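Single-structure report; data block below.
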Amino acid sequence: MLYYFKSIYSACVIIRVILMPLSFGEMYTSLLNVKQAINVERQLIDHLETYIEHESERLEDIKRFYAKVSDLHSEVYSGPSAAMANPLVAFTLIKRLQSEWLNLIYSDEAQENTQDFRSGYEEVEKEGSLPKLEDLQGAAKGLMRLQDVYALQVGGLVRGHFQRITDGNPIDIYSPTVSVHLSGDDCFLVGKVAYELEDYYHSVQWLEESVRLFRGAGGEWSPENEGTLEDALDHLAFSHFKTGNISYALSLSQELLNHDPMNGRVLKNVQKYERLLVDSPPLLSTDTGLKRPNTTYLRTRNTYERLCRTQGTQPTHYENPRLFCDYFNNDSPGLLLQPIRREVLSLQPYVVLYHSFITDSEAESIRELAQTGLRRSVVASGEEQATAEYRISKSAWLKETAHPIIGRLDQRITLLTSLNVQPPYAEYLQVVNYGIGGHYEPHFDHATLSSVDAGGSTAFIHANFSVPVLENAALFWWNLHRNGQGDGDTLHAGCPVLVGDKWVANKWIHEYGQEFQRRCSPNPEE
Ligand SMILES: O=C(O)CCC(=O)C(=O)O
Ligand SMILES: [Fe+2]
């Protein structure tokens, strides 16, 4: 968990402690919810197990009947015709044909088993603990965000690797301890989300993988799949058409026709593509020059992403002799025996990292206290607050009265900063948990606690450095100049979490109430 102290409004300070790495609904926006979903699937696995047992018993019974009847045919009825003279043989034949076959064929058992299985699923569904379509789409967008910000290869992701091409070779930027491969259908879903957003840059890449994997599976059908090779070919062909690669759209459509020769729509498309190719033959280059869509219109996107990729402070900052580390007690009696390791990361804006600001057990308690209050994080939107794609997380507010730990943290902030953090001079503690590819794009906090395995740094865009997520550490900066104006250099962002569960806690301290702690400067510009 990272802890941030920051001043807002006409305010001065930000304290942000990284705790370690929440409520259902919008499951993808918080990793805690994703973790809770594991139990939901466990319930479904139990229901499936019972279903398989019952269906297996039913099939065993059917097999027994089959064996009995086919044995009779090979042993009794194919023998001397005298067998039929036996009234018992004749009776059993008639009984079977009049009743047993009927009972077997019209047995309700299969339906009952299916019904029980469905009821189990419906119970889980009623609890409201199943992800919705929006969650699946949100998770798919999270994957594409990670792909973009960390320049990951889709082909690598599909094989469970987090790889970036460096000097022409794929280099692992993170090696997961547990890894999963994606199926043709998994890739189809991501591709389809992009396709529906008319984002053909991503749909082409994911659907290419989908088609490759579906082809590799030899068109084998799986009952759990959403799409088929034909669906993937269809979407991929159209994506290529939209990006101007007509000849590829044509060959994919022709492949699709091999599987589905009577598909009128695709037949028409083929004719259209052929006509287009005759009218304007393609240039030799097959490079379609597909560009990443700039959906968030971030002007600082390149710097932001570069800072996220480097996952930490730029080396040049260590070369600045005015930056230093020390053990700091702020001359506070409460810290004399236990000074805090302080790392000054930047002078303008002034950004300091306090190591081991909280303990593991404090971070754990804060996470637990926040859990039930976690709601989708919002951002200021005019007078109102609204959810936004550029902030994907859940957050909860903790008052000092929630637990003595919160009061102790407030005291620690005061010991370190000499600032008054009692209401109304500061906000309550805001605890945040990020979701799949969760992030907070560049923003200011003015008038606005965990380690992760990869990604999730806090990037200072204009100041050109990023701070990796450091468990239990606190990051402090002044959002405002001494003259009360917002400091433009504090533009900062929470990079997407690549792997891990990122929790942060924010403490925004108002400028009002700190007049004697942070005096104005003789220089009105300062
Ligand atoms: O998560 C981070 O690193 C940054 C979060 C942040 O800037 C905020 O919550 O205001
Ligand atoms: Fe912020």
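Residues take their numbers from the sequence shown, with the count starting at 1. Please read these numbers as outputs of a predicted model, since none were measured by experiment. As the structure lists them, so they are numbered: ligands from 1, and atoms in each ligand from 1.
A donor-acceptor contact closer than 3.5 angstrom is absent between the side chains of Asn433 and Gln371. Using a 3.5 Å distance cut-off with no hydrogens or angles, the side chains of Gln205 and Gln147 do pair a donor with an acceptor. In this model, a donor atom of one side chain and an acceptor atom of the other lie less than 3.5 Å apart for Asn33 and Gln36.
Just one residue in the list Leu429, Leu419, Leu409, Thr417 forms a side-chain contact (heavy atoms from CB on, under 4.5 Å) with Lys507, and that residue is Leu429.
Checked for salt-bridge contact, Arg367 and Glu364 meet the test: a charged N lies under 4.0 Å from a carboxylate O.
Annotation for ligand 1: atoms under 4.0 Å from non-hydrogen atoms of Tyr440 are 6 (C), 8 (C), 9 (O), 10 (O). Near Arg391, with a cut-off below 4.0 Å to any heavy atom, the atoms of ligand 1 are 9 (O). Listed by number with element, the atoms of ligand 1 under 4.0 angstrom from any heavy atom of Tyr434 are 1 (O), 2 (C), 4 (C), 5 (C). Of all the atoms in ligand 1, the ones that sit under 4.0 Å from a non-hydrogen atom of Thr458 are 2 (C), 3 (O).
Take the Fe ion (ligand 2) as the corner point: the lines to NE2 of His443 and to NE2 of His492 open at 90°, to the nearest 10 degrees.
Residues passing the side-chain contact (heavy atoms from CB on, under 4.5 Å) test with Thr414, sequence neighbours excluded: Val421.
With a heavy-atom cut-off of 4.0 Å, Glu441 does not touch ligand 1 at all.
With a 4.5 Å cut-off on side-chain heavy atoms, Arg292 and Met144 do not count as touching.
The N/O atoms of Gln430, backbone and side chain alike, include none that comes under 3.5 Å of an N/O atom in ligand 1. The distance criterion of under 3.5 Å between nitrogen or oxygen atoms is not met by Ser457 with respect to ligand 1. Taking any N or O of Lys502, backbone or side chain, at least one lies under 3.5 Å from an N or O belonging to ligand 1.
Closest to atom 9 (O) of ligand 1 by heavy atom, among Asn506, Val497, Val432, is Asn506.
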